[in-house]
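Sharing a structure with you now.
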Amino acid sequence: MSAAKNTAFALVDCNNFYASCEKLFRPDLKHTPIVVLSNNDGCIVARSKEAKALGIKMGVPVFQVQDALRKHGIVCFSSNYALYADMSNRVMTTLEEEAPRLEIYSIDEAFMDLTGVERVTDLLAFGQRVKAKVDKWTGITVGVGIAPTKTLAKLANHAAKKYPATGSVVDLMNPDRQKRLLALVDVGDVWGVGRRTTAKLKAKGIHTAWDLANANAKVMRSEFSVVMERTIRELNGVSCLDLEWVRPTKQQIICSRSFGHKVTDKRELGEAIAKYMTRAAEKLRSEQRCCRVVSVFIRTSPFIPNEPQYSASLTVELPNPTDDTRDLLAVAERIFHRLYRAGYRYAKGGVMLADFYEPGTVQQDFLCVDSTKTNSKALMGVMDKINRSGMGQVFFASQGVSPQWAMKREHLSPAYTTKWDDLPKVW
DNA sequence: TCTGGGGTCCTAGGACCC
DNA sequence: TCTGGGGTCCTAGGACCC
């Protein structure tokens, strides 16, 4: 085996991100418990620290905790993606200035490659500076975990959040400190160890991260998978997961939603599918890809077991890859006609695109009439531009004008940072 | 009445080929 | 009675992540 590299990573993670974004623009709620809800106002997906302290759990359906929300005066927000995405961009831009090799891992966290940085500056001080800068420039508070591997950096970040005495920045480069922390951490809190695996590990007497770090990597690989072997090595300070600072291109695009109410009407359901396909096509073009494989699915709600259940999906391979909304809508409609069965109350539907190509790199199927519309690129370009500009919307009639099935978003905050009309006002 | 959405990776097993 | 062996590709399902 080659000599271990002296790697160093930082994981920067925004605290209670969605809830923090909402509070930024509502100083009146500074110390009020708030929660952010999933699409359709269905589940709790983010909680402010006050809401956490009141015992509101992550992921629970709102209706199950309605009483608690009311009793404690917890303020609810529907999720406001435009706001969170914009705030995320601001945070990431700030981080990039400190460490150009940045992997944006999710909307609220990023890995930094700090390899070699300790020769220039103290890593703890570096982390503290990053935290202070993000706080000052964006108003978002972050935790920073620094360690020789990504998995250990995750654990360092976990500690930074859990123990206030750390000031939300933990440097875990030192092996003795690693050992002490690993012994304190439940194995289920290790990155990559989910619910299923946790149960299996505990049955084998592996309870802490330290227990896992000391398991035999080869044996565990045969019993679990190569992912497990990697996790064990990473816990021991051997970096197996590189920084992916160039975003890999997507393998698939999914657009799906639960409906605001159950849908029975065929036209209405078809409009929803058309809407999702339109959105998926936009995402496809923003990736600068064409796709060959298209799937559509519709289903009833598994949460109402005494109602007749129906769930169906169908996948079609196109003769030629396309990124034209019109082609994709036509395919979606054909598939939908074959899937639809009357007499069910549909709860959710969606589309999936896969098998991507760079435009123009694929030999056209010459047995098939070339369906490439000559004005396709120009038309799609103009549509995308108008729809992005905030000036209004252009879309195809098949998605319907005033949809009944639209999402429930009863507690939506204004688009403070992305819409002129919604700019916060200071009196 | 009311239960999110969007991804990735890994593995096992079958089809198929020589 | 007795029916190879090895490789590749594809797919479905599981597990995990945020």
Side-chain angles (χ1 to χ4, degrees), chain A residues 11-18 35-46 57-67 69-70 76-81 84-85 88 103-111 150-151 154 157-158 187-201 220-231 240-241 244 247-262 272 276 279-280 283-284 287 293 295 297 299-307 313 315 317 345 347-356 407-411:
Chain A
L11 176 65
V12 182
D13 180 314
C14 302
N15 298 342
N16 320 320
F17 185 56
Y18 295 174
V35 293
V36 178
L37 312 180
S38 65
N39 285 329
N40 284 311
D41 296 344
C43 296
I44 309 259
V45 292
K57 298 279 179 254
M58 178 72 175
V60 294
V62 175
F63 73 91
Q64 284 177 10
V65 291
Q66 200 57 258
D67 291 343
L69 295 178
R70 212 168 294 137
C76 295
F77 289 88
S78 301
S79 40
N80 183 345
Y81 245 80
Y84 312 148
S88 174
E103 174 184 343
I104 298 172
Y105 181 71
S106 74
I107 193 163
D108 72 339
E109 54 187 288
F111 287 101
K150 283 176 152 184
T151 305
K154 271 273 188 184
N157 187 281
H158 181 80
V187 72
D189 290 332
V190 174
W191 192 37
V193 178
R195 269 223 336 270
R196 301 286 181 139
T197 309
T198 301
K200 281 169 81 178
L201 289 173
M220 293 295 277
R221 175 184 180 149
S222 65
E223 218 165 309
F224 292 84
S225 80
V226 63
V227 179
M228 176 61 78
E229 183 188 16
R230 244 174 357 223
T231 299
C240 305
L241 300 167
E244 292 179 12
R247 186 170 67 85
T249 52
K250 281 194 203 303
Q251 304 296 306
Q252 56 177 22
I253 289 170
I254 299 172
C255 278
S256 72
R257 290 279 183 286
S258 300
F259 307 127
H261 71 100
K262 301 290 176 285
Y276 304 153
R279 182 78 196 94
K283 287 193 202 173
L284 182 65
E287 291 281 309
V293 167
S295 312
F297 75 90
R299 69 164 167 81
T300 53
S301 170
F303 299 110
I304 317 175
N306 49 345
E307 273 191 20
S313 74
T315 300
E317 187 164 334
R345 298 174 69 234
K348 186 174 182 177
V351 305
M352 195 180 102
L353 307 180
D355 196 13
F356 296 160
M407 270 199 290
K408 210 165 99 184
R409 294 173 95 184
E410 287 172 358
H411 311 281

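Computed from a predicted structure; not experimentally measured. By convention in this document, chain letters (A, B, ...) are assigned in the order of the sequence lines, proteins followed by strands, and residues within each chain are numbered from 1.
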- Message: In this structure, how many angstroms lie between the P atom of B:dG5 and the CZ atom of A:R299, rounded?
- Response: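 So the two atoms are 8 Å apart, to the nearest Å.
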- With sequence neighbours excluded, what pairs up with A:N16 under the side chain to side chain donor-acceptor pair (under 3.5 Å) test?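 A:N16 satisfies side chain to side chain donor-acceptor pair (under 3.5 Å) with A:K52 once adjacent residues are dropped.
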- Item | Phosphate OP1/OP2 of B:dG5: any A:K283 side-chain N/O under 4.0 Å |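 For A:K283, the contact criterion (side-chain N or O under 4.0 Å from OP1 or OP2 of B:dG5) is not met.
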- Task: Go through the structure and list residues passing ring pair (Phe, Tyr, Trp, His ring centres under 6.0 Å) with A:F77, not counting sequence neighbours.
- Result: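 Scan of A:F77 (ring pair (Phe, Tyr, Trp, His ring centres under 6.0 Å), adjacent residues dropped) gives none.
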- Item | d(CE, A:M352; P, B:dG7) in whole Å |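 Taking CE of A:M352 and P of B:dG7, I get 10 Å after rounding.
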- Item | Strand contacts (DNA chain B) in residues 255-262 of chain A, 4.0 angstrom heavy-atom criterion |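 Of all residues in residues 255-262 of chain A, the ones placing a heavy atom under 4.0 Å from DNA chain B are A:C255, A:S256, A:R257, A:S258, A:K262.
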- Query: Looking at B:dT3, B:dG5, C:dC18, which one has an atom nearest to any side-chain atom of A:N40?
  - Reply: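 Closest nucleotide to the A:N40 side chain: B:dG5.
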- Has A:K250 got a side-chain N or O lying under 4.0 Å from the OP1 or OP2 atom of B:dG7?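 Answer yes for this pair, as a side-chain N or O of A:K250 is under 4.0 Å from OP1 or OP2.
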- Are A:K154 and C:dC18 close enough that a side-chain N or O sits under 4.0 Å from OP1 or OP2?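 Looking at the OP1 and OP2 atoms of C:dC18, one of them is under 4.0 Å from a side-chain N or O of A:K154.
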- Task: For DNA chain B, write out the stems as range with range, using runs of 3 or more consecutive Watson-Crick or G-U pairs with both distances under 3.5 Å.
- Result: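 In DNA chain B, stems of three or more pairs: B:5-18 with C:5-18.
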I'd like a table of atom pairs between the protein and nucleotides 8-15 of chain C - only N or O on both sides, under 3.5 Å - with the distance next to each one.
| residue | atom | partner | partner atom | Å |
| --- | --- | --- | --- | --- |
| C:dA15 | O3' | A:T197 | OG1 | 3.4 |

- Message: Applying ring pair (Phe, Tyr, Trp, His ring centres under 6.0 Å), can you list everything that pairs with A:Y105, at least two apart in sequence or on another chain?
- Response: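 Only A:F111, A:W191 meet the ring pair (Phe, Tyr, Trp, His ring centres under 6.0 Å) criterion with A:Y105.
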